[in-house]
Protein chains: 2
Amino acid sequence: MQLREERKDAAEHRQRILQSALQLFREHGVEQVSMHRIAKQAGVGQGTLYRRYGNKGDLCMDLIFDSYTKFKERVSFYLEQSAAESPDMRLDGVLGQCIDYIDDKADLLAVLRTLGGDQRPGPGTVYHSPPYRFMHDVFVRLILEIKQTQNRPDGAGEAEFVAHAIMAALCPDLYFELRFGQGMSKEQIKERFRAFYVERAYTDQVNATR
Amino acid sequence: MQLREERKDAAEHRQRILQSALQLFREHGVEQVSMHRIAKQAGVGQGTLYRRYGNKGDLCMDLIFDSYTKFKERVSFYLEQSAAESPDMRLDGVLGQCIDYIDDKADLLAVLRTLGGDQRPGPGTVYHSPPYRFMHDVFVRLILEIKQTQNRPDGAGEAEFVAHAIMAALCPDLYFELRFGQGMSKEQIKERFRAFYVERAYTDQVNATR
DNA sequence: GGACTAAACGGACAAATGTCCGTTTTTATT
DNA sequence: AATAAAAACGGACATTTGTCCGTTTAGTCC
């Protein structure tokens, strides 16, 4: 026996944990629910809960895993089927999908960021998590495409930086602030991202191709 | 008696707390030092410590208050004495000063962000803290100046958004990652900020004033 | 079915954060 | 100097996170 399946009891417990967490989160808000309470509600021990999920962030990660997978697929699919479009439009499209996703899952995503692990650099930071890497990579490619269209070479990892900058602006906290603190609509926020990250690039492109 | 001064014993305790915290932070790293330990080291009770500083973030805030004040003054002074320069150059200058400051205080600033309070929008978030407001305001003014130079009107709060975007990219965590995770030098990071936030604006400007 | 092993269990325990409240000290007033 | 109110004190306590380890259970092999 080389690779064992997840044990039946373990699988059942995970379902119970996820369901209990979801219910409690909905009822009392993510921040107000302790791990202890989730374990109690699910009828499992502390250790059982913690062995599976090292912290609330891990748990949230699993809670949004399905939706994240779908998000990832949507983005990948969009990129494939829009391959013929201009990279600017595609950047705009991806940004729109990110914002839709954040709008949908903002509360859980915010917890992820806060409880996601170390602050120190290296593995364990958000910057090395698969979701971050995935989106960062998508942005890097798009930016490189845009630069290529404009015949502007990429100065040693410039696109890498810009992708980080975009990701930073996409943080759920800021979205919260714009959406509810300042009362902007989702569409208004998308428009701002477009104006700043896409249209400026587009302007450059127009000028560069003259 | 209308306004009382801070009591003598309280003032002394605050000094002891700050000094103890600073020493312990230096010795063991900010994350490794508990509030309990700081209280013990300072020879005061838990309650005394917590009444003054609601959490470690508050304490760090006080620890960097002096340096923040100086930073603020440096920025204000720079803006005054560079009033004749182009807004692009001034934006670059301010960005440089921010990065210098982050580089200097990265560890404490990172704690501030993590432990700074609520995630929910409204007062209590980073976005409403005086330091954030101050820098955000500085960026808004500079961006408006740039737009004015280019004869581009500011579409309803566009500058506000861009300022948030810049602030987001200035988060200590990302700086850490670039600096130590990816091994970039401080100057390289400054160069990236300049290239993305200043030179692109400058390119636009050149084109717009043709 | 019996036995063995790896995985999972769960609750006690440790450590940290943050609160509460009876007690002490400072300070202004007389 | 006595007094009283305001402010500060401090440690016990509650809550939460996270760990440890002896015990139980599912899956496999015979």
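Below, read A as the first sequence line, B as the second, and so on, with proteins coming before strands; counting in each chain starts at 1.
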Exercise. Using a cut-off of strictly less than 4.0 Å between a heavy atom of the residue and any atom of DNA chain C, enumerate the qualifying residues of residues 34-53 of chain A by number.
Key: V44(A), G45(A), Q46(A), G47(A), T48(A), R51(A), R52(A)

Quiz item: Roughly, in whole Å, what's the span from CD in E6(B) to P in dT25(C)?
Solution: 19 Å

Self-check item: Nucleotide dC9(C), atom C1' - distance to CD of E12(A) in whole Å
Solution: 13 Å

Quiz item: How would you list all residue pairs meeting salt bridge (Lys or Arg N to Asp or Glu O under 4.0 Å) that involve residues 10-23 of chain A, not counting sequence neighbours?
Solution: E6(A)-R14(A), E12(A)-R16(A)

Quiz item: What salt bridge (Lys or Arg N to Asp or Glu O under 4.0 Å) pairs are there with at least one residue in residues 61-82 of chain A, not counting sequence neighbours?
Solution: none

Practice problem: Report yes if some heavy atom in the side chain of Y127(B) is under 4.5 Å from a heavy atom in the side chain of F176(A); otherwise report no. | Solution: no

Self-check item: Between P of dA7(C) and CG of D9(A), the distance in whole Å
Solution: 13 Å

Self-check item: Separation of atom CD1 in I17(A) from atom P in dA8(C), rounded to whole Å
Solution: 12 Å

Quiz item: Hey, do the aromatic rings of F193(B) and F161(A) have their centres closer than 6.0 Å?
Solution: yes

Quiz item: Looking at D100(B) and K186(B), does any basic side-chain N land under 4.0 Å from a carboxylate oxygen?
Solution: yes

Quiz item: Would you call M135(B) and V94(B) a side-chain contact if the rule is heavy atoms closer than 4.5 Å?
Solution: yes

Quiz item: How many Å lie between CG on N55(A) and P on dA16(C), as a whole number?
Solution: 18 Å

Practice problem: Mind calculating the distance between CD (E31(B)) and P (dT17(D)) to the nearest angstrom? | Solution: 17 Å

Exercise. Kindly say whether, by distance alone, the side chain of R7(B) makes a donor-acceptor pair under 3.5 Å with the base of dT25(C)?
Key: yes

